[in-house]
Each structure stands twice: as C-alpha cells, then as structure tokens.
Amino acid sequence: MLGVEFFVPNPRLCRAVIVLLAALVWGGTVKYDFAWDDHYFIVENQSIRSLKNVPAMFCSRMAEASNAKDFPSFRPVRNVAYALLFQSGGHDTPQPWPYHGANVAGHAVAALLLFSIASLIFLPAGEAAARWGALLTGATFAVHPATSEVVCWAKSLDDILAAIFVLAAAREVLLWRGESRKLCVALIFFALAIYTKESAVPFAGMVFFLWRAFHKLPWRRCAMLTVPFALVAAIYVVHRQLVLGQSSQCAPISGTYFQTLMDTLPALTIYFRLLWGIPPFSIDYTDMHGHLGFFSLSVMTGLLLLILWIAATWTAWRSEKFRLAALGLLWLGFFLLPVSNLIPMMQYLAERFLYLPMAGWLLALGAVFTWMPRRRLGLVLAAVLFAFWIPMALARQGIWRDEVTLFVRSSLDRPANTRLRENALASIFRLPPMHSAFGLDETTRRLQAAATIPRNQAEGMLPTLLQAHEVLPDEHRLAAALGITYAMAGQISNAVPFLELAARQGSNDVQCWIDLGSVYALEKMTDKARQAWETALRFDPANRVAQEHLRALDAK
C-alpha cells in the first residue's frame with residue numbers, strides 16, 4: 001500500500017468529499033419545519049417580507065424580530081438574507097425549505113473555505129501532509145455533531161454567514177502578497193461578517209496574528225495592517241450602539257459583573273468536551289447554576305482549562321515549527337470572547353456559540369496531524385473519529401424535524417431544564433386541533449382549557465394526548481388535559497383517574513382540584529367532590545368557582 005507521502009489527493013476530490021459529507025449528514029433537514037425562535041425572527045417578522053424594508057434593517061432595531069424589544073441584536077445582513085429567502089419561497093408566508101436549504105449549503109461553503117485556509121496554513125509541512133490535513137480539517141467541520149444546532153436551526157443562518165465571511169476574509173489575508181485589492185476585499189468580507197453577527201468582531205484582533213505568523217511581517221507592520229480592520233469594527237460598534245441604544249443584551253445574569261464572569265467559567269469545561277464531539281448535547285443550557293463560589297470545583301476546572309489554553313498557545317507560538325498551530329488556538333480563544341460574558345449576555349453557554357471558534361480548534365488538530373511522523377496512524381484515528389461523529393450528527397439533526405420532537409426529545413435528555421419542559425408542553429398544545437382547546441397561561445404556566453370542546457374534536461385529540469402522557473408521565477398538565485378531554489368526549493369514568501393523577505402531581509394547582517371535583521360530581525361521588533373543592537379553597541380561599549360548587553352542593 002502506498003504511503004500518504006506518495007499520494008496527494010486532488011483538490012477537486014477533496015472539495016467533492018467535503019460537500020458530499022455535508023449533504024449526506026445535513027441534507028435531510030431541508031424538509032424540516034420552523035422551530036423555536038424561528039417564529040420571532042422569520043415567520044412573524046414582517047420586515048423580511050419586502051425588500052423595501054432593507055434600508056430599515058440597517059437603522060432600526062424594530063426590523064430585527066417580531067418582538068424586537070426582547071431581542072436586542074443588530075444583524076442587518078442576516079435580515080437581508082432572510083428577506084431574499086422569503087422571496088424565493090413563493091408564498092405569502094415564509095416557507096421553511098429555503099432557509100434550511102441555505103443553512104446546509106452555507107455550512108458546506110464554510111467547510112470548503114476552512115479547507116482552503118488549512119491548505120495554505122499547512123503548506124510548510126509538505127504538499128501531501130498539507131492536503132491531507134486540510135481535507136481532514138474541512139471534513140471534520142462538515143460533520144461535527146456540535147454544529148447541529150446551527151445547521152438545523154433556520155434562525156442560525158447568521159452564525160453560518162458570519163463564519164463564511166470571516167473565513168473568506170482570512171483567506172484573502174493569507175493570499176495577500178502586498179496587493180491593496182486583496183486587503184480591500186478582506187475588509188469588505190469582514191464588514192459583511194460583523195453586520196451579519198457581532199460574534200465576528202474579534203477577527204479585527206485575530207488578523208494581527210495572521211500577518212505575523214503566516215506572513216512573518218515585523219510587529220509594527222502587522223499593527224499598521226490591522227488598523228483598517230479595527231476601524232471597521234469600531235464603526236460597526238458605534239453604529240450598533242446608535243441603533244440599539246445599548247451595548248449588552250441585558251444586565252449581568254448573575255447580578256454582578258464579576259460573579260457573571262466567574263459563573264461562565266464552567267462553560268469552558270462543557271465547550272472543551274463538545275469540541276471533541278463527546279455527548280451529551282443540548283439545545284438549551286439555561287439550567288446552568290449561577291452564584292458559584294470561586295473555589296467551587298466547576299469554576300476551578302474552567303479556570304484550569306483557561307490557564308492550559310494560554311500555556312499551550314504561548315508555547316506553540318514561541319516555536320517556529322508549531323507557530324501556525326498556535327493560530328488555531330488563538331482563533332479558538334478570540335472567537336470565544338464574545339460569548340464569555342465580557343459583555344453581558346442572556347446565557348452562560350450555547351452550542352451554537354462554538355460554530356466559529358471550532359474552525360480554529362480543528363485547524364489546531366489538523367496541524368497536529370501534519371506533524372505526525374506516521375500519518376497512516378493519523379488517518380486511522382480520523383476514520384474512527386468520523387465513525388463516531390457521523391452517527392451522532394445524524395441523530396442530532398433528527399430531533400429538529402418539528403417543534404414537538406425537538407422539545408420533547410430535548411426535555412427527556414435534560415429533565416432538570418424547566419424551559420425545555422415548558423417548551424415541550426407548549427409545542428404539544430399547539431398541535432392541531434389542540435391549539436383551540438388548550439393553552440398555557442403566559443404568567444403562571446397553568447393549563448387553560450376552552451369552556452367547551454366539541455365531542456368529535458375531543459375524541460380526535462385523545463390519541464395524541466395519550467402518546468404525550470406516555471412520554472411525559474409526570475407532567476400534571478398533560479394528565480389534566482387528558483382528564484378534561486375524556487370528560488368532553490363523554491367518557492367520565494376514564495376522566496377520573498387522569499384528573500386524580502393531575503391533582504396529585506400538581507397538588508397546589510387549584511384548577512386541577514376544581515376539575516376533579518366536577519367529574520366526581522358527574523359520577524355521583526358527592527363526598528369526594530366536596531373534598532376536592534374544599535382542597536381547592538385551602539390553596540385559594542377566595543376562589544369563586546370552588547365556592548359556587550360547594551354552595552350548589554349544600555343547596556341540594
């Protein structure tokens with residue numbers, strides 16, 4: 001068998017492999033529905049339904065989302081892309097397939113750009129090693145399971161476009177040989193990146209190290225060439241401040257700035273695991289705890305990882321042989337800065353935050369491959385990695401097919417996460433025909449039922465509710481909905497056990513006890529009905545419904 005050194009894969013073949021992998025793993029998402037915040041940013045966002053609104057996207061936060069006050073972001077290029085995709089859908093309302101298709105295609109383009117950058121960076125290791133290292137870098141990015149949230153979530157087109165523009169800018173910088181034209185093109189790509197998503201701003205600092213490590217320019221020359229990127233970033237920051245009227249998304253989520261930074265350190269441990277593609281994965285980490293002590297295990301572990309990253313980057317940078325690998329580690333660190341709560345955000349962690357930083361991590365791993373004296377062993381290890389990652393990526397993309405699957409599966413995987421549980425329940429009650437029969441109060445999150453539900457509609461809802469109850473057996477609002485639905489279908493005897501279960505599981509939910517008393521009364525179980533209504537009054541002494549039921553009972 002020929003050694004790796006004697007076989008240089010053709011660039012066209014490499015690009016075809018990367019595109020094929022991206023299509024095979026993520027192509028199925030094109031037929032998926034909208035989910036979660038897609039409704040705020042795309043489905044209900046009226047501004048993207050006409051290209052006449054494009055100027056407003058650059059000067060008004062109200063063009064960002066349907067409820068822009070709750071989403072303080074300024075990403076006009078993303079919204080322009082949304083508007084163009086809306087036009088391609090050919091309907092009066094946004095269609096999901098153009099958006100999902102754009103995500104898959106964009107992810108493939110990002111992987112191809114990463115392959116191109118890696119080919120340039122790894123070239124000092126020799127043509128064969130550079131080509132193989134670049135192929136593995138681009139291919140691993142194409143199939144990495146931790147990219148699932150970005151690729152599968154239509155709303156996350158901003159992450160993909162920002163990555164494409166940043167990688168394109170980096171490629172122009174690497175290809176630069178003193179031409180003003182390439183510098184201008186790189187600046188244009190950078191401007192498009194930051195106006196797509198603010199997470200691209202750190203490239204203004206990263207470019208300094210590209211000049212130094214790749215082009216080996218003097219420090220002063222590197223600084224001079226970095227100034228235009230810093231100016232573009234500064235213009236964006238000022239523009240964003242003028243439009244939004246604020247720099248941060250919210251007040252520090254842990255109460256104080258220092259405490260928030262400290263509570264974000266445990267995210268580094270999770271990010272490190274996710275960079276290796278090691279499960280578990282989650283679409284939501286809002287159950288992460290704040291107000292941690294400085295010497296808590298999770299904070300100390302995160303701090304240790306930060307110190308190790310600094311030490312590894314510094315050591316690699318000082319070595320001429322490993323300096324280009326240090327670029328990957330620097331890239332990872334720079335692009336994690338916007339999500340580190342240095343500027344307060346609404347959360348400590350999200351997997352989509354890894355999309356752009358991951359490019360640097362994979363560049364560093366690709367550099368390790370090019371140094372390996374036995375590259376066949378590296379290829380075997382890479383094959384094992386692909387065999388591990390591809391099935392996980394396919395499993396992760398499968399949960400995004402619709403909102404019910406997304407939230408129910410995610411809630412089962414992360415049962416302590418209250419927001420996932422609430423979203424799972426809300427998605428079930430939004431299913432037809434249940435959306436007209438049930439809902440959740442926005443403030444109390446208690447079940448709200450229609451005053452009457454036609455018998456045929458109630459009978460049609462029973463199979464779905466029974467299936468949902470089987471998946472979430474400890475959810476009292478599902479048990480209550482089942483009891484009410486059985487009662488409306490005229491099956492009172494079947495309603496009783498589910499309403500009893502709902503009352504036990506949600507013992508302080510007054511409505512559960514009122515409904516239970518009502519079915520007891522229909523079954524002529526007067527004493528139990530009285531007990532149920534009296535229990536309701538113990539939780540809410542002023543409840544008029546329970547009082548009226550008891551008065552009617554006493555009047556008989």
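Throughout, numbering of the chain's residues begins at 1 and tracks the sequence. Only this structure's heavy atoms are used, side chains among them; waters, hydrogens and symmetry mates stay out.
- Residue P72 comes nearest to M346 through the heavy atom pair CD-CE, 3.5 Å, listed as atom of the first residue, atom of the second, then distance.
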Derivation and outcome, side chain to side chain contact (heavy atoms under 4.5 Å, CB included), residues T93 and V43: CA-CA 7 Å; T93 57; V43 180; over 6 Å; no
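- Side-chain contact check for S47 versus M62: every heavy-atom pair is 4.5 Å or farther apart.
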CA sep, side-chain torsions, deciding dist, call: Y32, W97, ring-ring contact (aromatic ring centres under 6.0 Å, His included): CA-CA 7 Å; Y32 288 177; W97 68 265; over 10 Å; no
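- Remark: I343 CD1 to L337 CG distance equals 10.0 Å, nearest 0.5 Å.
- Aromatic ring orientation, F539 versus W513: parallel (interplanar angle below 30°, classes split at 30° and 60°).
- Of the charged side-chain nitrogens involved, none lies within less than 4.0 Å of a carboxylate oxygen, so that E534 and R538 do not count as a salt-bridged pair.
- Side-chain contact annotation: D263 with S254, donor-acceptor N/O pair under 3.5 Å present.
- When every heavy atom of Q246 is checked against every heavy atom of Q249, the shortest pair comes out as NE2-O, 3.5 Å.
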Evaluation steps, side chain to side chain contact (heavy atoms under 4.5 Å, CB included), between I399 and S410: CA-CA 8 Å; I399 73 172; S410 299; 3.9 Å; yes
Criterion side chain to side chain contact (heavy atoms under 4.5 Å, CB included) on V384 and L381, from CA distance to verdict: CA-CA 5 Å; V384 172; L381 293 176; 5.5 Å; no
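- In this structure, the ring of Y486 has its center less than 6.0 angstrom from the ring center of F498.
- In the displayed structure, E470 atom CD is contacted under 6.0 Å by at most 12 heavy atoms of other residues, nucleotides or ligands.
- Distance alone, capped at 3.5 Å, is enough to place a donor-acceptor pair between the S518 side chain and the I514 backbone.
- In this structure, E149 contributes its side chain and S156 its backbone to no donor-acceptor pair below 3.5 Å.
- Look at R49 and E44 and you find no salt bridge, because none of the NZ, NE, NH1 or NH2 atoms lies under 4.0 Å from a carboxylate O.
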Audit row: F335, V166, side chain to side chain contact (heavy atoms under 4.5 Å, CB included) steps and yes/no: CA-CA 11 Å; F335 287 106; V166 165; 3.8 Å; yes
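- Other residues, nucleotides and ligands contribute more than 12 heavy atoms inside 6.0 Å of the CZ atom of F386.
- Side-chain contact between L472 and L412 is present, with heavy atoms from C-beta onward closer than 4.5 Å.
- Of all non-hydrogen atoms in A35 and W153, the two that sit nearest each other are O-NE1, 3.2 Å.
- The shortest side-chain heavy-atom distance between L21 and I390 falls under the 4.5 Å cut-off.
- Checked against F141 for a ring-ring contact (aromatic ring centres under 6.0 Å, His included), the options W389, Y355, W26, W361 give a single hit: Y355.
- When every heavy atom of M392 is checked against every heavy atom of G277, the shortest pair comes out as CE-O, 2.8 Å.
- Between E198 and P338, every side-chain heavy-atom pair lies at or beyond the 4.5 Å cut-off.
- The shortest distance between side-chain heavy atoms of M461 and P433 falls below 4.5 Å.
- Taking CG of D474 as the start and CG of L501 as the end, the distance is 9.5 Å to the nearest 0.5 Å.
- E403 and H39 form a side-chain donor-acceptor contact under 3.5 Å, judged by distance and modelled atom types alone.
- Side-chain contact, E351 with Y271: no donor N or O sits under 3.5 Å from an acceptor N or O.
- Between the side chains of E500 and Y520, at least one donor-acceptor pair of N or O atoms lies under 3.5 Å.
- Residue H289 places its NE2 atom among 12 or fewer non-hydrogen atoms of other residues, nucleotides or ligands, all under 6.0 Å distant.
- With a 4.5 Å cut-off on side-chain heavy atoms, R477 and E422 count as touching.
- Using a 4.5 Å cut-off on side-chain heavy atoms (C-beta onward), W533 and L553 make contact.
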Residues Q457, S436; criterion side chain to side chain donor-acceptor pair (under 3.5 Å); working and verdict: CA-CA 10 Å; Q457 181 181 349; S436 63; 3.0 Å; yes
Side chain to side chain donor-acceptor pair (under 3.5 Å) between S427 and R430, intermediate numbers included: CA-CA 5 Å; S427 67; R430 279 196 294 265; 5.4 Å; no
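- A distance of 11.0 Å separates CG in D33 from CG in L406, rounded to the nearest 0.5 Å.
- Within 6.0 Å of the CD atom in Q467, the count of heavy atoms belonging to other residues, nucleotides or ligands does not exceed 12.
- With values rounded to the nearest 0.5 angstrom, L447 atom CG is found 8.0 Å from L425 atom CG.
- With respect to V299, the side-chain contact (heavy atoms from CB on, under 4.5 Å) criterion is satisfied by exactly one of T269, L292, L268, L304: L292.
- Although no hydrogens or angles enter the test, the distance criterion places no donor-acceptor pair under 3.5 Å between the side chain of D38 and the main chain of F34.
- Formation of a donor-acceptor pair under 3.5 Å by the H107 side chain with backbone atoms of T147 is not found in this model.
- Each of R78, R75, K155 was scored for a salt bridge (Lys or Arg N to Asp or Glu O under 4.0 Å) with E64, with one residue passing: R78.
- Taking every heavy atom of both residues into account, P280 and R273 meet most closely at O-NH1, 2.6 Å.
- The 12-atom threshold is not exceeded at CG of D92, counting heavy atoms of other residues, nucleotides or ligands nearer than 6.0 Å.
- One side chain, D402 or T405, offers a donor N or O that lies under 3.5 Å from an acceptor on the other.
- When all heavy atoms of M57 and V80 are compared, the pair lying nearest together is SD-N, 3.6 Å.
- Of the inter-residue distances, the one linking S493 atom OG with L522 atom CG reads 11.5 Å to the nearest 0.5 angstrom.
- Looking only at atom types and distance, the side chain of D284 has no donor-acceptor partner in the side chain of S282 under 3.5 Å away.
- There is no side-chain donor-acceptor pair under 3.5 Å between T418 and R421.
- Side-chain atoms of R455 come within 3.5 Å of backbone atoms of A489 as a donor-acceptor pair (strictly under, hydrogens ignored).
- Checking Q531 against D527 by side-chain atom types alone, no donor-acceptor pair falls below 3.5 Å.
- Atom CZ of residue F429 and atom CD of residue Q448 lie 11.0 Å apart, to the nearest 0.5 angstrom.
- Taking 4.5 Å as the limit, some side-chain heavy atom of I283 sits within range of a side-chain heavy atom of W400.
- F86 has its ring centre no less than 6.0 Å from the ring centre of Y99.
- In this model, a donor atom of one side chain and an acceptor atom of the other lie less than 3.5 Å apart for Q511 and D515.
- For the residue pair T196 and D158, no side-chain donor N or O sits within less than 3.5 Å of a side-chain acceptor on the partner.
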Derivation of the side chain to side chain donor-acceptor pair (under 3.5 Å) call for N341 and T260: CA-CA 7 Å; N341 271 301; T260 302; over 6 Å; no
